[in-house]
Amino acid sequence: MATPQEILNLINSKYELIDLKFIDMPGTWQHLTVHKSQISESSFTEGVPFDGSSIRGWKAINESDMMMVPDPNTAWEDPFMKEPTLSMICTIKEPRTGELYDRCPRAIATRAVEYLKATGIGDTAYFGPEAEFFVFDDVRYDQNQKSGYYYIDSIEGLWNTGREEEGGNLGYKIRGKEGYFPVAPTDTLQDLRTEMLLTMAKCGVPIEKHHHEVATGGQCELGFRFGTLIQAADWLMTYKYCVKNVARKHGKVATFMPKPVFNDNGSGMHTHQSIWKDGQPLFWGDGYANLSQTALWYIGGILKHAPALLAFTNPTTNSYKRLVPGFEAPVNLAYSQGNRSASVRIPLTGSNPKAKRLEFRCPDATSNPYLAFAAMLCAGIDGIKNQIDPGSPLDVDIYDLSPEELAKIPSTPGSLMAALENLQKDHSFLTAGGVFSEDFILNWIQYKLDTEVIPMSLRPHPYEFALYFDA
C-alpha cells in the first residue's frame, strides 16, 4: 500500500509528468497529463479539476467541472510514453458536494464493496477475469448511406492458405477451432504475447501465463492473478492498454470485440469470483462440488438476475453474436462443475478451500469491468440475502438432451435490446445499498438504446442483400 507522500517523493525524484487515467461510462480509459507542479498531497483527497462535459454519458456543459482523485496504489511508469511519465488511475468526485460521482464506474465499484461489508455477509470480494482478444494484421471498415463493409486479416487465418505471400506462403495456418494451442511455427504470436505479458508485469499486474486461443485469425489470452474487485478491474484495464499498445508497436492491432470472425469462436471474459470474511473463504463447503450453501445461494442470485445482468456484462450488440445456442457458448442459465456450456462453472480446485470459487462464463471484455463486477457482486449478494435456490446442476451433455428437455433450461437474452428490457424490469438488486442509482441505470439504458441498439436497427446488413435483394 503506497501513501500519497511516498508517491510525491517518487515524483520529485524521477518524474516531470503525471498521467491521470479514468474510465468513462461505456468502459474506455480517458486520460489527462499534468506537470508535477499540479500534484500535491491534497490531490489525493480533493482531486485534480477537469471538464467532464465531453465524457460519454456524463455531465451537461453547465455542470461540467469535476475532480479526478488519483489512487496512490495504482502508480506505475507508463511504458508507451517517450518521456518518463508516472501513471495513476483515478476515481471521479463531485466538487460541489465532495462526494464520489454517482456515474463514475470506479465509484460504483467502491460502493459495491462497501455494500458487501454493510450486509455482514463478507468483507472482501475476489474477481479473476479471463479476457480473450484477437490480433489482426489489417482491419478496414466503413458504413455510410451507400455502402457498408468490414475487412479483417491475419497471417494465421485459415482463409489465407491460398494467398500469395512475400517469400512464399508456408502454409502454417490455424484450422477452424484448432488454435488451442499448437506450438510454433503455427502459433506466430508467441513473442508478441510474451512482450504483452511482461509489459503488464512492469505496470504492476501480477501475471501468470499466456497462450493462443481456439479461433483461427490470431485469438489469444493472457492470464493474471485474481484480486479484490477494484484491483481486478484496474488490472483488466491495464491488461487491455498493454495488449493494444504492444500490438500497435509491432504493426498489428488487437481487439476485444466479442465476435469479429464469422463461423469460429468468439472472445469471452470468463469471470471467477468468491467472497471472503475475516481472511476465510466462504464458498467452500460440503455441498455440490464442495460448495457451501452461501456459494449456492450466490449462484442462485447470478442465475436469477442474469437476463438483466447481461446488460452490463455483455453490453454491446456484438456480444450476442457470441452468445448463440447450439455452439459452445455459455447460453444455458444453469451451473455445473464440468459443463462449459453452462453459464456458471465450478472449477475443479481439489481440496484447497481458498481456491473454491465460481466462474460466470457469459461476460465479455467490451464490458466496463467496474460496472460488470459490481453488478455480479450485487446479484450474488441478493441471492445470499434471499436464499435463492439455483436448482439442480446441469451435469449432462446438452447435445444429448431432447428438444423438450432443453426447453426447460432457461437461456441468456438473445440481443442487447432484450437484456436492456430485462434490466428495466429487474434492477432493485443493483440499487440495494445505494450501489447503482436509479439515475445511472436509466441513463445506461437510454444511452445504449440511442447510441447502439437503434442505430444498428436502422442500417441494412450486407448479408441482407444476399438474402433479400432479388425478393
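Excluded from the calculations below are hydrogen atoms, water molecules and symmetry mates; all remaining heavy atoms, backbone and side chain alike, are included. What you see is a predicted model; the values in this text were computed from it and never measured.
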Measure from NZ or CZ of [X] to the centre of the six-membered ring of [Y], then state whether that distance is under 6.0 Å and the direction lies within 45° of the axis.
| X | Y | value |
| --- | --- | --- |
| R140 | Y151 | yes |
| K21 | Y241 | yes |
| K249 | F80 | no |

Would R106 and D234 satisfy salt bridge (charged side-chain N to carboxylate O under 4.0 Å, His left out), going step by step from the backbone distance to the final call?
CA-CA 9 Å; R106 202 168 188 266; D234 288 344; 2.8 Å; yes
Shortest non-hydrogen contact between [X] and [Y], atoms and distance:
| X | Y | answer |
| --- | --- | --- |
| N73 | M1 | OD1-CA, 3.2 Å |
| H211 | Y180 | CE1-CE1, 3.6 Å |
| A329 | L323 | CB-CA, 4.1 Å |
| L197 | I207 | O-CG2, 3.3 Å |
| T216 | E156 | OG1-O, 3.4 Å |
| W235 | G227 | CZ3-CA, 3.7 Å |

Test of understanding: with ring pair (Phe, Tyr, Trp, His ring centres under 6.0 Å), list the residues that count as partners of H305, not counting sequence neighbours.
F429
Would T85 and D19 count as a side-chain hydrogen bond (donor to acceptor under 3.5 Å, both in side chains) here? Give the steps.
CA-CA 7 Å; T85 302; D19 197 60; over 6 Å; no
Give a yes or no on whether the ring-centroid distance for F226 and F127 is below 6.0 angstrom.
no
Proximity of F312 and W444 rings by center, below 6.0 Å:
yes
Determine whether a donor-acceptor pair (N or O, by modelled atom type, separation under 3.5 Å) exists between the side chain of [X] and the backbone of [Y].
| X | Y | answer |
| --- | --- | --- |
| H270 | E359 | no |
| E132 | G268 | yes |
| R459 | P455 | yes |
| T74 | P70 | no |
| T194 | Q190 | yes |

For the residue pair S274 / K356, report whether a side-chain donor-acceptor contact shorter than 3.5 Å exists.
no
Over 12 non-hydrogen atoms of neighbours within 6.0 angstrom of NZ in K321:
no
Please step through side-chain hydrogen bond (donor to acceptor under 3.5 Å, both in side chains) for the pair N352 and W284, ending with a clear verdict.
CA-CA 9 Å; N352 182 3; W284 174 266; over 6 Å; no
